[in-house]
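The chains referred to below are lettered A, B, ... by the order of the sequence lines, with proteins before strands, and numbering in each begins at 1.
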Amino acid sequence: MAEKQHLYLVDGSAYIFRAYHRLPPLTNPEGTPVGAVYGYSTMLWKLADDLDKADGPTHLAVVLDKSSHSFRNDLYPDYKAHRPDPPEDLVPQFPLIRDATRAFSLPMIEEPDVEADDMIASYAIAATKKGWDVTIVSSDKDLMQLIGQCADEDLEPGVETGGCIDMLDTMKDARIGREEVEEKFGVPPELLGDVLALMGDSVDNIPGIYGVGPKTASKLINDNGSLAAALDAAPDMKKSKLKERLLEGRESAELSRVLVELKKDCGLPIALEDMKLDGIAPEPLAEFLELHGFNSLLKRLEAGSGSPGRTTNLEGRNRADTEGAAASPGGNVQPLPDMPDVDRSAYETVQTMERLQEWIARAQAAHRVAVDTETSDLDCMVCDLVGISLALGPNDACYIPLAHLNEDGGGSDMFANPPQQVGKAQALAALKPLLESDAVLKIGQNIKYDINVLARNGIDIAPIDDTMVMSFDLDAGRSLDGIGGGHGMDELAERHLGHTCLKYKDVCGTGKKAIPFGEVPLGKATEYAAEDADVTWRLHMHLARRMPMEGAARIYQRVDRPLIPVVAAMERHGIKVDRAELSRLSETFAEEIGRLEKEIHAEAGQEFTIGSPKQLGEVLFDTLGYKGGKKGKSGQHSTDQSVLERLDKEGAPIATKVLEYRQLSKLKSTYTDALQAAINENTGRVHTSYSLVGAQTGRLSSTDPNLQNIPIRTEIGRQIRKAFVPDEGNVLLAADYSQIELRLAAHMADVETLKEAFASGEDIHSRTAKEMYGEVTRDSRAAAKTINFAILYGISRWGLAGRLGVEADEAQDMIDTYFQRFPGIQKYIVRTLETVREKGYSETLFGRKTWFPRISAKNPNERAGSERAAINAPIQGTSADIIKRAMARMNPALDDAGLGHVRMLLQVHDELVFELPKGDVEAASPVIERVMAEAALPAVELDVPLGIEIGHGPSWDDAH
DNA sequence: TAACTCACG
DNA sequence: GACGTACGTGAGTTAA
C-alpha cells in the first residue's frame, strides 16, 4: 500500500501581513524592504525541511490572493470595503513573495475572483477525498472551520479511508486541531461558522450582530445548537439588550453566515499530484537568497546539511506538465525519471539505420522529443544540414550525423575517410514521419531555425514547442542582477538547470581556425549536439510547468506559438530586391558623397575623417570655433542631427553639408550596399530573420538584414523602397494599422473624447488640438501630434520642451492642459505605474507580461527610465499582440477565400506586406483588411475600431 | 567592444 | 534641488 500523502497548503497572503508586523524592517542590498519576505522564506525553508518527518509534507502549494473581488462582493458590496491600504513598505514585498515561492520551486496558486481561503478549502476537501491528510499553514480563524474535517463520503475510487485536515501556525509553532478550536471558540469547528457569523469581523467588514463578541456568540450557539436555532429562539428570550439586538440583527447575521462560509468547489488550476515535493533546485534558491542578502539561509544552503527538501535534484517534479505547453498529443502524461546531472558520455552517436529506427520508435512512443539540427552555417537559408540530435529524457539523447566529412576532423584529405553514417536522404526519409506526426510534440530551442532548415529538406515539422519563446513569455524583461535576462540556451541552462553547456567555439574553434560543424569529429560533435537536445528537453520540463502557474500559457498558446511557423514561412519566402537599381543608387550616392567630402574639407580648411564624430567635433568646435552644446559619455561634444541643425540655423554652411553627407553615407552603407550583399544566391531574394524574443514589449525584431527600418521619411530614402519589388506579374500590397497605439491608448485609458474621434473617423491630432487650444491650425495640430506621441512614451516636461523648442514651464502647462482635457490618460499612467510597482510587471490586454525589475531603483534616472518604459509597454505590447494574432490567422483566412497563393512577406510592427498576382488584389484586400481589423476578437472587444489602410503597386514604395 | 549616429514603428 | 531631454529596435562606422 502506498505511503500516506500529506498536503500542506500555505496561506501566503495572510502570512506576509503577520510576518511584516512581527519582523524588523530589514532591507536588501538595493534598499528594498524585505522583512516579510525574509520571514516568509524562513517559513518555507522550515516546511521543506520537515519533509522527511512524520506528519511532514509530501505535497505543498502556496495559495495567494490574486484580486480583491470575489462572490462575496456580489452578495455584499461592502465586504472588505474598509480595509486600509497595506503599509507602504510592505507593498513592494508582494511581488517578492512570488519570487521567493518560485525560488523554492514551489507551485503557486493565484486565481482571479476567488479568495485564497476558498481555494484552500477546495483543495483541502479534494485532497481528503483522495485519502490525503491536509495541513493548512495559517492562523486564519475562517479557515479553522475546516479543522478536524475528515472525508468519509464521495471518496475517490480505490480510496478506503479519507484524509483529515488540521492547521499549523508556524509563527507560534503550534498545531491546531479540533481541541484547540474548541478551546479558543468554545465550539467544535463545525459550529465555528455560526459563531463567526454572530461575531462579525471588523477587518473584513462582516457585520455580524452588534454587541455580540466571541463569548456571547459561542454561548448562544452552544445553548441553541446552531445559528438558526439561536435566532429562532430570540423572540422567546426574556427582555434584554441582547434579545433586541438579535431580533434587529437577524438579517445581518444571516448574511454574515453566508459570507463566512467557505466555498469548497472552486476549480483547481493545478493537479494535486503536481504539488509533489520532491526537492528544491538549489541554484535559483541561492540566486534569490543572495540577491536579497539572506546570508544566513544562503550559508545553510551552501553548507548542504541544511539544504531544504529531500534531494538537490534540479527538477523537483515527477510529472510532466502538459497544460502550459502543447497538449501532449497522445494525451498521456509521461512520468519522469529523476533528473540526473548532464552526462555527455551517455549520449549515443547513431550511425546505422537500425539504431535510427530504434530511436524513432521510442520517440513515437514517448509522444515528445527535443530536436536540434546542426548545420554548416548560421544562416538557415544558405546552410546545409549536417546532423540532427534528439532527446527523450535527461541524458537520453543521441546525435545522428548526416553529412560529416572526416572522422578525424578537418585535414586536407577530408573525403578520404568519411565516418560511418546513415545516408542523409535515407535518414531524413525515416525521420520525416516522426517529425511530421501530429502525435509527437517536437521541442526546440529557437525552433524557427530548425523549421526552416528542415523545410528546405522537405520536412514540415509540427507540432512544436519552443523553449526560447516560452522563456520569453514567462520572463521578458526580467534579469537577475548580473545573471542576465536573455533567452539563449546557454543562459537558460545556467539559470534554470545550473548547467554550463559546451560552447560552439569550444567545438568548432573561432576566427580563422573555425571549422564547419560537419568537420567536427563525431565524438565531440555528439557531445555538443546531443547536449543541446538534452538541455532543451530539460528546459521544456522546467518552463512548461511554470507556464500555467505564472499566467504565461495564454499568450504563448494563443499568440506566440501559432506564430512561429508563420514567421518561419515569411522568412523562407523572402522579398525580391532590384539589384541593378540598388547598384545604380550606390553609384549616385558615392558620387555625391565624394563631392560633399571635398566641399566639407574646403570649408574646414583641412582634410579629416568626416565619419568620425571625434574628428568632426574637433573641427567644428575647436578649429572653426562654433559653440558646442551637449556632450556625450566620453566628454566629447555631440555632433548629432539636432546639433548640426542648430548650427545650420546659426548660419554654418558646413553643417548642412555634413548632414547631407551623413544621410547619403548612411543610405549607401546600411541599405544600397548592404541589401545587394544580402541577396540569396539561390533564391535571388532577401531573407530577413525575425526574432520573437528580441523586443521586451513583444514586438518582433528583424535582423540580417533588418527590413523593419527601410527608409520612408525622406524622398531620397524612399528610392530605396522602390527597389523592393514583386516577381513578374505580381504586385506588392501593404496593409497598415492606422494610429493603432493611440487607438489602444484611447481604449485602455478609457478616454471618451478620443474614442469618439476614432469612431467618427476624425483626424486624431486635429481633434487633440481642438480640445487643447480650441482651434486647429497647422502649428496647434503639430504640437498636438507631438504631445500625443509623448504620452505613449511616458512624458517629461523636459523631453516635451526639447521636442517642441519651448521652455520646460510651457511644456508643463501643455501637459497639465492635456491631462485636464483627457483625465483618463493621467489615471491610466498612475494606475499602470502602481500595478508595475506592486507586481513587478506590466500586462497587455492579452496578458503578455513585461517585467520591470528597475522600477523601484534608487537611482532616479534609472527609475524614471523604467517608469517611461512601463507606461509604454502595455500599449506597444498590445499592438504587437494584435498584429501577431492577425498574422497567425492570415493564411487560413486567405486559404478559405481561395487565395492560398497570396504570400505574406514582411511585418513592420503595424504593417504587413504581401505579394500576390495583380489580378487578386480585389479579392485579397477585403480578406486582409477583415483579418487585421478583427484581430483582437474574440479575446478582447475594443471600444475603438481598428483602422486599416491598404495600398498596392509595383514596388513597396508604390504600395503606400 | 563601446560609443556614436541614424534608419524604422 | 539635482537628476535628465520620450518608447521599442538593428546596423554601420570609428577608435580604443
Side-chain angles (χ1 to χ4, degrees), chain A residues 476-477 608-617 629-644 658-659 661-671 673-675 677-678 688-691 693-714 716-718 720-721 736-742 745 786-806 808 811 815 842 850 858-877 879-880 883 906-911:
Chain A
F608 67 101
T609 311
I610 306 167
S612 161
K614 187 164 176 271
Q615 292 188 36
L616 177 64
K630 55 184 177 182
K631 291 182 177 179
K633 269 189 196 166
S634 51
Q636 265 186 62
H637 286 291
S638 166
T639 63
D640 72 13
Q641 209 162 356
S642 63
V643 172
L644 293 172
V658 172
L659 280 168
Y661 174 92
R662 283 247 180 96
Q663 181 184 26
L664 292 173
S665 329
K666 172 83 176 179
L667 294 178
K668 181 170 185 292
S669 64
T670 310
Y671 300 105
D673 290 353
L675 281 173
T688 185
S689 171
Y690 289 103
S691 169
V693 302
Q696 308 285 295
T697 51
R699 274 190 178 179
L700 303 187
S701 72
S702 158
T703 58
D704 306 313
N706 182 353
L707 295 185
Q708 291 181 321
N709 71 346
I710 302 302
I712 192 169
R713 291 173 186 171
T714 65
I716 185 151
R718 290 174 79 124
I720 292 161
R721 272 199 186 221
D736 293 47
Y737 282 106
S738 151
Q739 307 284 15
I740 186 168
E741 293 195 3
L742 274 175
T786 302
I787 299 175
N788 273 333
F789 281 108
I791 292 298
L792 301 180
Y793 300 150
I795 199 167
S796 80
R797 75 187 77 164
W798 300 279
L800 185 63
R803 287 284 160 134
L804 290 173
V806 301
I815 295 169
S842 69
T850 303
K858 273 197 210 148
N859 179 338
N861 192 10
E862 211 179 343
R863 191 174 59 237
S866 213
E867 286 175 354
R868 290 193 297 268
I871 290 166
N872 180 248
I875 298 168
Q876 187 181 115
S879 158
I883 195 165
L906 302 178
Q907 188 252 43
V908 193
H909 311 308
D910 64 357
E911 171 185 8

From C:dA15, C:dG12, C:dT9, nucleotide with atom closest to A:S669 side chain: C:dG12
Duplex segments of DNA chain C, taken as runs of at least three Watson-Crick or G-U pairs that stay under 3.5 Å: B:1-9 with C:7-15
Distance, P atom - from B:dA7 to C:dC3, rounded to whole angstrom: 31 Å
Sidechain-backbone polar pair: A:D736 side chain, A:S738 backbone, donor-acceptor under 3.5 Å: no
Donor-acceptor under 3.5 Å (A:T688 side chain, A:P705 main chain): yes
Partners meeting salt bridge (charged side-chain N to carboxylate O under 4.0 Å, His left out) with A:D673 (sequence neighbours left out): A:K668
Residue list, salt bridge (charged side-chain N to carboxylate O under 4.0 Å, His left out) with A:R863, at least two apart or on another chain: none
base_contact_polar (C:dA6 base, A:R868 side chain, donor-acceptor, <3.5 Å): no
For [X] and [N], give me the distance from atom [atom1] to atom [atom2], rounded to whole Å.
| X | N | atom1 | atom2 | answer |
| --- | --- | --- | --- | --- |
| A:F608 | C:dT13 | CZ | C1' | 15 Å |
| A:K668 | C:dT13 | NZ | C1' | 13 Å |
| A:L804 | C:dA6 | CG | P | 12 Å |
| A:K614 | C:dT13 | NZ | C1' | 15 Å |
| A:L800 | C:dC7 | CG | C1' | 15 Å |
| A:F789 | C:dG8 | CZ | C1' | 13 Å |
| A:L700 | C:dG10 | CG | P | 11 Å |
| A:L664 | C:dG12 | CG | P | 17 Å |

Atom [atom1] in [X], atom [atom2] in [Y]: separation rounded to 0.5 Å?
| X | Y | atom1 | atom2 | value |
| --- | --- | --- | --- | --- |
| A:I883 | A:L700 | CD1 | CG | 8.5 Å |
| A:T703 | A:Q708 | OG1 | CD | 9.5 Å |
| A:T639 | A:I610 | OG1 | CD1 | 11.5 Å |
| A:I740 | A:H909 | CD1 | NE2 | 13.0 Å |

A:T670 side-chain N/O to C:dG12 phosphate OP1/OP2 under 4.0 Å: no
At 4.0 Å (heavy atoms only), tell me whether [X] reaches a base, stays on the sugar-phosphate, or touches nothing.
| X | answer |
| --- | --- |
| A:N859 | nothing |
| A:T786 | base |
| A:S665 | nothing |
| A:S701 | sugar-phosphate |

Residues forming a ring-ring contact (aromatic ring centres under 6.0 Å, His included) with A:F789, sequence neighbours excluded: A:H765
A:A869 or A:A801, whichever maps to the more 5' nucleotide of DNA chain C: A:A801
Summary of protein contacts for nucleotides 4-9 of chain B, nucleotide by nucleotide, where a base hit scores B, a sugar-phosphate-only hit scores S (4.0 Å, heavy atoms): SSBBBB
Test side-chain hydrogen bond (donor to acceptor under 3.5 Å, both in side chains) applied to A:E862 - qualifying residues, sequence neighbours left out: A:R854
